[in-house]
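What follows is one structure encoded as structure tokens, with my remarks underneath.
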2 protein chains.
Amino acid sequence: MESINPPESIIEALSIDCVIFGFKDGRLDILLVKHAEGISAGKWALPGGWITYGESVDEAAKRLLKSLTGISDIYLEQLKAFGEPNRFPTKRVVTLAFYALVNEESYSLIPGFTASDAQWFNVHDVPQLIYDHNQILDFGYKHLKHKVRHEPIGFNLLPAKFTLLQLQELYEAILETKLDKSNFRRKLAKMKLLINCKEKQKDVSHRAAALYKFDKRIYVTLRKSGMVFEL
Amino acid sequence: MESINPPESIIEALSIDCVIFGFKDGRLDILLVKHAEGISAGKWALPGGWITYGESVDEAAKRLLKSLTGISDIYLEQLKAFGEPNRFPTKRVVTLAFYALVNEESYSLIPGFTASDAQWFNVHDVPQLIYDHNQILDFGYKHLKHKVRHEPIGFNLLPAKFTLLQLQELYEAILETKLDKSNFRRKLAKMKLLINCKEKQKDVSHRAAALYKFDKRIYVTLRKSGMVFEL
DNA sequence: TTTACTTATAGTCAAAATGACCATATATTA
DNA sequence: TAATATATGGTCATTTTGACTATAAGTAAA
């Protein structure tokens with residue numbers, strides 16, 4: 001979120017905006033905040049803010065995310081800079097877009113002090129946002145769709161322990177497609193990326209599925225020996 | 001290249017640096033410029049400069065590339081922002097790294113007025129660069145290695161018409177690996193991405209190979225019908 | 001003018017991976 | 001006990017891959 005009068009200590013004209021994806025009940029969501037002040041008060045926007053003088057770009061993104069939504073310690077990556085001359089109304093502002101993947105259920109949203117609200121929206125049902133934020137969001141979603149097929153980042157959207165069906169539904173939601181259950185399992189099994197937790201799902205009204213976890217260290221090891229993640 | 005005293009009209013503290021890859025004689029190269037003025041005079045750097053107030057980030061990258069090296073109309077894409085607080089000596093500067101792919105033989109390098117020299121270097125034999133430019137270069141090379149396998153961008157490094165062996169050597173240079181000639185051809189043939197120009201290579205001291213060209217429109221069409229580039 | 005050398009291009013074949021299925025198991029709820 | 005929902009495992013024809021082999025078409029050297 002970009003307030004109108006940035007404090008003294010920041011690099012003017014350079015902001016950060018975060019496209020934060022969450023996943024719940026088979027739906028891919030996006031986190032938005034409602035501005036509490038300034039000319040865009042009352043409008044929805046991507047969470048964001050200004051980079052201060054003494055912090056790195058990535059540190060700034062982490063700090064802003066934490067202060068605006070209460071979310072910390074998540075998968076966060078730079079997306080790209082958006083810098084059309086007139087994208088911001090009162091002056092020239094270039095924004096660095098980040099994108100983040102979080103397990104929606106692990107966090108209760110805490111709107112920061114310049115935001116009156118923070119809320120998850122279905123990625124296919126997003127309101128009009130301020131400035132070029134809809135464009136940034138679209139770019140982020142396209143990026144996710146592509147990247148999720150070539151790198152094992154999807155796991156960041158799930159709880160630490162998940163079932164194979166949850167994983168499949170995640171991919172189906174992101175890629176907007178249907179996958180064959182049996183073939184999906186076979187492929188994942190062959191990759192040897194998942195650890196069987198030797199635990200069963202609980203409180204479900206059907207046969208309980210085995211829980212798996214993704215260990216990044218395994219992936220790093222497999223990568224070094226030539227493994228390529230493709231789905 | 002970042003001169004020390006930026007002109008009035010720019011967004012201070014936001015620069016652009018370009019990682020420009022070229023390909024020639026089976027070698028992957030990188031374009032560097034030698035600074036002519038300022039405290040980094042005489043040192044090699046990535047071509048770059050300042051974003052001015054009225055232009056978009058991508059326009060700025062194009063303009064800088066043209067003015068520093070004479071290169072225009074090429075594959076150019078944003079890489080990421082580098083923004084460690086102390087990466088630049090005299091003040092806080094965040095730089096937007098771009099990366100570009102050009103056919104080395106199509107351009108004669110024209111050093112811009114703040115550069116005393118512009119020169120191609122083998123990507124594995126790069127001198128020490130100013131600031132964090134070596135780090136930016138490494139990031140760019142890793143990015144290229146990954147992206148070239150999942151999107152047909154490699155063609156930008158070749159002339160418009162090329163042989164299958166040239167294409168294979170390009171991939172071998174980027175990925176630092178050997179590929180089986182026959183299997184490589186079979187794979188490319190199956191993708192239907194290449195148009196046979198019905199022409200033969202000239203001035204070679206062996207059997208001349210057929211020339212092919214890559215037509216981006218074909219790729220766009222195939223993509224829409226579900227084709228995925230994987231190599 | 002024959003032979004060596006270089007690269008082009010085509011083909012073989014077993015192994016592995018894929019896509020479209022089918023079958024059975026294990027749990028809950030009516 | 002039956003209906004149901006999901007889990008899990010398996011079949012099989014087809015496609016793709018990886019590792020090779022074979023032949024063709026040129027140039028250059030003997």
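In what follows, chains carry the letters A, B, and so on, assigned in the order in which the sequence lines appear, proteins first and then strands, with residues in each chain numbered from 1.
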For H206(B) and for A208(A), locate the closest nucleotide of DNA chain C by heavy-atom distance; then report the residue assigned to the nucleotide nearer the 5' terminus. H206(B)

Close aromatic pair by centroid cut-off 6.0 Å: F162(A) and F155(A): yes

May I have the distance from D203(B) (atom CG) to dT7(C) (atom C1'), rounded to whole angstrom? 16 Å

Would you kindly give the CD-to-P distance between Q168(B) and dT7(C), to the nearest whole Å? 12 Å

Distance in angstrom units between K200(B) NZ and dT7(C) P, rounded: 16 Å

Ignoring hydrogens and angles, state whether a donor on the side chain of Y171(A) or E169(A) is under 3.5 Å from an acceptor on the partner side chain. no

Looking only at heavy atoms, the pair that brings D180(A) and Q168(A) closest together is C-NE2, 4.0 Å

Closest heavy-atom pair and its distance - A45(A), L129(A): N-CD2, 4.2 Å

I need the CD-P distance between E199(A) and dA7(D), as an integer number of Å. 17 Å

Between K181(B) and dA8(C), does any side-chain N or O lie under 4.0 Å from OP1 or OP2? yes

Between F229(A) and H150(A), is the gap from one ring center to the other below 6.0 Å? no

Can you measure F184(A) atom CZ to dC21(C) atom P for me and round it to whole angstrom units? 20 Å

With hydrogens left out and only the distance checked, is there a donor-acceptor pair under 3.5 Å joining R207(B)'s side chain and the base of dA8(C)? yes

Parallel, tilted or perpendicular, judged at 30° and 60°: which one describes the rings of Y219(A) and F214(A)? tilted

Counting primed atoms, P, OP1 and OP2 as sugar-phosphate and everything else as base, the B/S/- map of nucleotides 9-18 of chain D against protein heavy atoms under 4.0 Å is BBB----SBB

Answer whether the closest heavy-atom distance between the side chains of L46(A) and T95(A) falls below 4.5 Å. no

Given atom CD of Q166(B) and atom P of dT7(C), what is their separation to the nearest angstrom? 13 Å

Check the distance between dG26(D)'s P and L165(B)'s CG and give it to me in whole angstrom. 17 Å

Under 4.0 Å, counting only non-hydrogen atoms across every strand here, what does L164(B) touch: a base, just sugar-phosphate, or nothing? nothing

Let me know the distance between CG of L231(A) and P of dG19(C), rounded to the nearest Å. 10 Å

